[in-house]
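As structure tokens, the structure follows; a few thoughts come after it.
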Amino acid sequence: MRYLLYLFLVIGICCKNTETNSNTSIQTTLSEDQNYDQPYRPQFHFSPPSKWMNDPNGLVYHQGIYHLFYQYYPDDIVWGPMHWGHAVSKDLIKWEHKPIALYPDDLGYIFSGSAVVDLENTSGFGTKENPPLVAIYTYHSIEGEKSGRLDFQTQGIAYSLDNGDRWEKYEGNPVIGNTNIKDFRDPKVAWDQESAQWIMTLVAGDHAKFYSSKDLKSWELLSEFGKNEGAHGGVWECPDLFELQVVGSKEIKHVLLISINPGAPNGGSGTQYFLGDFDGKQFTTDHTEAKWIDWGRDNYAGVTYNNTPEDERIFIGWMSNWDYAQKTPTEVWRSAMTLPRTMSLHQEGNSYFLKSYPLDAISSISSEALVHDAIQLSAPFNISNDSLSTSDIKFQANLSEALEVTLGNDLGESAVFSIAPKQEELQFDRRKSGRISFEERFAGDLQTQPYKPKNELAEVRIIVDASSIEIFVEGGRYIFTNQFFPEKPYNQLLISGEENATLKNFSIHTLTSIWKHE
Ligand code: FRU
């Protein structure tokens with residue numbers, strides 16, 4: 001039986017899905033010094049050609065192109081003077097690197113922010129026929145910070161008239177000055193249809209501030225939110241505000257994402273969210289406790305795309321954690337983004353929650369590998385194959401039964417995901433996952449997240465890419481995103497469960513690299 005499964009796996013891996021691969025029209029081209037063959041290098045997640053990257057910035061779709069700007073320091077693999085790096089994609093799967101979009105200037109480093117398509121040319125930077133892309137970001141004056149002042153973060157804007165290739169900074173910068181607020185940053189701007197104006201969500205230490213503008217240049221403070229709501233274990237960062245319709249209903253709610261560092265439930269950096277209403281001026285919510293989009297340790301500073309086709313709400317996060325981000329054992333580059341995920345809003349009884357789940361487009365790099373209608377767990381199920389280190393594993397399991405999924409190698413290094421119904425917890429353990437000593441807080445404790453055991457089948461999906469593992473349960477209701485750094489790639493999968501347990505609709509697809517030399 002085990003031999004048969006192995007045979008299927010090998011056959012499947014050999015039969016690449018060439019038809020869907022050929023649909024992708026942006027080919028990623030790399031120069032010789034930008035190869036993606038290093039140990040730990042993700043093969044289908046975005047990572048910079050070289051050097052340091054943190055938050056995603058300026059996520060915007062325009063004329064067939066998804067832009068991904070990112071916090072970038074091109075001279076070292078640790079954080080430094082921030083630029084906006086730039087990449088583009090037609091499908092959010094394959095990326096093409098572009099030249100650096102924004103460089104630090106006299107006003108400071110270029111910190112996180114957003115980008116909009118100014119369709120009506122409200123800014124006057126372009127024309128209605130050729131609407132400008134406008135980037136709204138934070139200036140961080142390092143001299144100001146060093147001199148002990150508090151007003152060293154201000155907000156600036158820049159525009160592009162050629163869909164992101166060349167950027168011009170506005171001569172009237174900064175567009176929002178600082179009134180002695182130490183942490184004052186990360187503007188997320190979007191057009192508000194109802195009030196017919198731009199709304200900016202900004203963070204200021206322990207709360208969010210909302211501003212409005214008619215032209216992206218002059219801004220008026222509307223209101224504040226959050227001093228008494230949510231988690232406050234650290235500074236609020238990288239906000240996002242958008243609407244979602246509850247799946248299966250006509251009800252619409254506003255979602256406010258707020259990253260926080262430290263203060264995440266499993267330590268360090270994490271992203272909480274609030275559900276409520278924004279009436280054009282004020283955000284209100286009916287819950288004061290924090291809800292979290294991901295309980296893993298490596299999904300931070302995530303925000304969503306502006307201007308997507310069909311208004312799809314697509315999220316990308318930075319797959320690291322400030323607890324150890326600058327020390328992870330990579331050399332040429334440091335850090336990757338999460339897979340792009342679609343966000344949706346759901347109701348169960350009186351409670352509402354977000355799900356985020358990888359885009360279907362990932363099937364364009366997926367090859368049929370191993371499929372099994374049912375797997376009896378009377379004995380542990382295990383397979384061993386090198387392609388497990390870049391794979392998409394899916395099955396259905398009963399969430400009221402204990403289950404343990406171990407990915408590892410023959411050195412005994414492993415990452416373990418468990419369903420623990422007695423504790424009403426999902427758990428993730430990377431304490432023996434490989435190299436952990438680069439920073440004590442990396443291994444940390446057993447990671448846990450509360451869940452409701454229910455006596456029905458639910459999907460478990462595990463996506464592995466060299467040094468990251470993204471686990472989605474119940475279509476993204478419960479998520480763990482984590483990095484790991486083994487001495488040898490993981491090539492073994494072991495699943496054990498209760499005696500009469502059965503996994504249904506089991507599949508493993510190998511995912512192919514998006515980084516190819518021409
Ligand atoms: C979040 C963050 C932002 C800031 C940026 C600086 O990770 O701290 O608040 O704008 O990184 O690189």
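First listed ligand is number 1; within each ligand, the first listed atom is number 1.
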### Query
Among protein heavy atoms, which lies nearest atom 8 (O) of ligand 1, and at what distance?
Glu237 OE2, 2.9 Å

### Query
Starting from atom 6 (C) of ligand 1, which protein heavy atom do you reach first, and at what distance in Å?
Gln71 OE1, 3.2 Å

### Task
Identify whether the distance between the nearest side-chain nitrogen and carboxylate oxygen of Asp151 and Arg149 falls below 4.0 Å.
yes

### Query
Between Phe46 and Tyr70, is the gap from one ring center to the other below 6.0 Å?
yes

### Summary
So the atoms of ligand 1 within less than 4.0 Å of a heavy atom of Ser112 turn out to be 5 (C), 10 (O)

### Summary
Contact region, Asn261 to ligand 1, non-hydrogen atoms below 4.0 Å, reads neither

### Query
Any non-hydrogen atom of Tyr109 lying under 4.0 Å from ligand 1?
no

### Query
Thr138: heavy atom below 4.0 Å from ligand 1, yes or no?
no

### Task
With sequence neighbours left out, write down each residue that passes salt bridge (charged side-chain N to carboxylate O under 4.0 Å, His left out) with Glu224, or none if nothing qualifies.
Lys209, Lys227

### Query
Salt bridge check: are Arg185 and Glu237 linked by an N-O gap of less than 4.0 Å?
yes

### Salt bridge present between Asp76 and Lys51 (N-O < 4.0 angstrom)
no

### Task
Please could you name the atoms of ligand 1 that Trp79 approaches to less than 4.0 Å, counting only its heavy atoms?
6 (C), 12 (O)

### Query
What is the nearest protein non-hydrogen atom to atom 10 (O) of ligand 1, stated with its residue, atom name and distance?
Asp186 OD1, 2.6 Å

### Query
More than 12 heavy atoms of other residues, nucleotides or ligands under 6.0 Å from CG of Asp360: is that the case?
no

### Message
Does ligand 1 come near enough to Trp322 that some N or O of the ligand is less than 3.5 Å from an N or O of the residue?
### Response
yes

## Note on the structure
re atom 2 (C) of ligand 1, the protein heavy-atom contact at minimum distance is Asp55 OD2, 3.3 Å

### Query
Looking at Tyr352, does the NZ or CZ of Lys253 lie under 6.0 angstrom from its six-membered ring centre and within 45 degrees of the ring axis?
yes

### Summary
Applied to residues 105-120, the salt bridge (charged side-chain N to carboxylate O under 4.0 Å, His left out) test, sequence neighbours excluded, yields Asp105-Lys169, Glu120-Lys128

### Message
Which of the numbered atoms in ligand 1 are under 4.0 angstrom from any heavy atom belonging to Met82?
### Response
12 (O)

### Message
Regarding ligand 1, does Tyr300 bring an N or O atom to under 3.5 Å of one of the ligand's N or O atoms?
### Response
no

